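Have a look at the structure below before the remarks.
Every chain is numbered from 1, with letters handed out A, B, ... down the list of sequences. Side-chain atoms are counted along with the backbone in the values below, which use heavy atoms only and exclude waters and symmetry mates. What you are looking at is a predicted structure, and each value in this text was computed from that prediction instead of being measured.
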Protein chains: 4
Amino acid sequence: MTMPDKRNDIIQGALELITEKGFHGATMAMIAEKSDVAVGTIYRYFENKDVLINALYHELEEKILGALRKEYSAEKPFRERFLLIGTTLLHYFISFPVHFRYMEQYHNSPYGISLRRDQLLNKADDVDITRQLFTEGIIQQVLKDFPLAVLFDLAFGPLVALARDHILGFIVLDDTLITRTVEACWDGVKR
Amino acid sequence: MTMPDKRNDIIQGALELITEKGFHGATMAMIAEKSDVAVGTIYRYFENKDVLINALYHELEEKILGALRKEYSAEKPFRERFLLIGTTLLHYFISFPVHFRYMEQYHNSPYGISLRRDQLLNKADDVDITRQLFTEGIIQQVLKDFPLAVLFDLAFGPLVALARDHILGFIVLDDTLITRTVEACWDGVKR
Amino acid sequence: MTMPDKRNDIIQGALELITEKGFHGATMAMIAEKSDVAVGTIYRYFENKDVLINALYHELEEKILGALRKEYSAEKPFRERFLLIGTTLLHYFISFPVHFRYMEQYHNSPYGISLRRDQLLNKADDVDITRQLFTEGIIQQVLKDFPLAVLFDLAFGPLVALARDHILGFIVLDDTLITRTVEACWDGVKR
Amino acid sequence: MTMPDKRNDIIQGALELITEKGFHGATMAMIAEKSDVAVGTIYRYFENKDVLINALYHELEEKILGALRKEYSAEKPFRERFLLIGTTLLHYFISFPVHFRYMEQYHNSPYGISLRRDQLLNKADDVDITRQLFTEGIIQQVLKDFPLAVLFDLAFGPLVALARDHILGFIVLDDTLITRTVEACWDGVKR
DNA sequence: CATGAATGAGCTTTCATTCAT
DNA sequence: CATGAATGAAAGCTCATTCAT
């Protein structure tokens, strides 16, 4: 369980620092200091800075998917499952603003772009819960007849924007507002 | 008449290069070469790289608002106005993918963050067409009773996500799909 | 008489600016602005920055020698002539602190060094009043039997140091103090 | 034991190079090469070029004061102590022409000026041997009744000028000449 | 394995100088 | 002659990466 402890220290330090200062604002020296390790040590766990940045991303991705899987239950009615995924996601973003900010920054940087291009080819991720849900929704004719990507965007686009506004302090989200917003998203995708 | 021609050359060159390589990947030397100017010339028009980056952003912002204002007509029915703004925006994003990518990158970087924080204080922008439209919609009880920011996110969140997917090649948007998606957004915000 | 007016403007502007900011702190652009001419104009009067700096020096040197010649009178007794030269010099330094500072800066920079090396070869300057005075003093056995250079240093070293201290605000010189100090210098060189 | 060896290498290299080429003529790259270090290494020991330049100055100041303290003896008669300080100083300047040239250059540059202004405020340095000596001389009425600064200038002004002339090759100083000159300085300050 | 001093390629920025107007 | 926009070589400085301890 207590795998390479230092690796986690580094991941944590890098995460916080990069979120605050950006990929280039956070130097390896700063990350090392924040993580309480020597600069050289980082290179024992990550081949170079790019590898660290990408590893960080996948680490977070895994955590989010985990959170979704934990709450999800194939038993429940479709609408309920949709709402659950939406609220869980939003809650996660708000609870871990640093994770959220990091992923945002990653997605809109050359790093994220090249990743996307890769994913486009390896149409993997069929394990993905949301993909399954939406595919089912289309087949069952519960959802509007759109390409999968469009449905994703209709459903999650608002949530991401909302999380950002909350984290930046533009609005304050509470449980009611979260629920109501996810329901509004449902209005957007439902047939 | 031939106003600062070089200034525009630089803006154009910087825009393309930064969009492709990111803020740090695009060096001043590269920008100069792409713009067919000497490095020093950039500094006659922009105090430093940061200023250039921010100027670029405001330039684009102005262009987008211009595009919106051009199409907008206060005469038309509310729903139509909403759909118009949505489709115009999406069309703009698709027609100027470089502008779109730049703004995305900007928003999710330390530059954009500090800008947002400023805007939070100077709650200006009442000239803003969309703000006016949404405020009217709330008062007229046409839109769901949400804070303004939430309505913004419900309406534009999907469009931004969609534009990104299109530009990255995940989907191909045509006029029908654009119209239908914006209508779906309408479903999300309408009461 | 009103020779190239611009040339004088430049000389004046450069003098003040360099005194304040140093040779490198004063850029050609700054000098141009201060002199109310275009940058290019400077190059009509001075081949380049180095030439300007050196011309400036010789201009000042000429002024100082002029001031000395003006007061000097071969008729007066030796001691009186010595005192006159000393006080005239000190007065000049204090009246034109900018000139003084410039020359100091010049002497202690690579510019001044190379100049000195030149002067060493062309043992010119026999027209020089002080040289004549001191040579006479040695021959007449009024002054201590030292090489000329040593006598110069004994006589003028304190005056230069004093002028600097005054200009920097370490002390405030008045006429009495000036006179007394030059007399003390006399004690140093007289046999 | 082998304390920051590199720091000394840098100090030595910078000293020689700056003395030869001036503050701006000596680039960081040149200094690095002369010191047999990488450019970046300099920045591990000195925050930036200005800091290096100032550190260099204080290093030399300390060495000179050390040399004076080493020779000085409060037991000896006043005149003897004065002569000792004068000759020691002159010997030091001649033995370490590079040190001397550096300090001259420093004093007559924006660096030195701001330092002086600081010292003007913190009237510290009472530990200073020469200050003690001169103060005593005034009280004992051995020295002329001048402000301290004037006495300093009368005593050291010639020595500095002389050292410069020697280093530049205008004259050649030997022990006799040194002694005689310092005695002439004594004539200048003694009552 | 961990360390952090050392490295140097590469970045942003400045500024003396030129030359078309 | 005067102008000042344009130039680009060269400066100061940073920081990812290495490697001897």
First of A:Arg44 and B:Ile42 reached from the 5' end of DNA chain F, by closest nucleotide: B:Ile42
Stems involving DNA chain F, each a run of at least 3 consecutive Watson-Crick or G-U pairs under 3.5 Å: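 Stem list for DNA chain F: E:2-21 with F:2-21.
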Same-atom distance (C1') from F:dT21 to E:dC1, integer angstrom: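 Result for the C1' pair: 13 Å, nearest Å.
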Could you list the protein-to-nucleotides 12-15 of chain F atom pairs, N/O on both sides, closer than 3.5 Å?
from	atom 1	to	atom 2	distance (Å)
F:dG12	OP1	D:Lys49	NZ	2.5
F:dG12	OP2	D:Met28	N	2.9
F:dC13	OP2	D:Tyr43	OH	2.9
F:dC13	OP2	D:Lys49	N	3.1

Just jot down the side chain to side chain donor-acceptor pair (under 3.5 Å) partners of [X], sequence neighbours excluded, or say none.
X	result
C:Tyr111	C:Asp50
A:Gln12	A:Glu16
D:Glu47	none
D:Tyr106	D:Asn54

Sequence-distant partners of C:His99, ring pair (Phe, Tyr, Trp, His ring centres under 6.0 Å), two or more places apart: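 Residues passing ring pair (Phe, Tyr, Trp, His ring centres under 6.0 Å) with C:His99: C:Tyr92, C:Phe96.
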Looking at residues at least two apart in the chain, or sitting in another chain, which of them share a salt bridge (Lys or Arg N to Asp or Glu O under 4.0 Å) with [X]?
X	value
B:Lys49	none
D:Arg164	D:Glu104
D:Glu62	D:Arg69
D:Glu59	D:Arg7

Start and end of chain A contact along DNA chain E [non-hydrogen atoms, under 4.0 Å]: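 Result: E:dC1 to E:dG4.
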Minimum side-chain heavy-atom gap D:Val160-D:Phe93 below 4.5 Å: yes
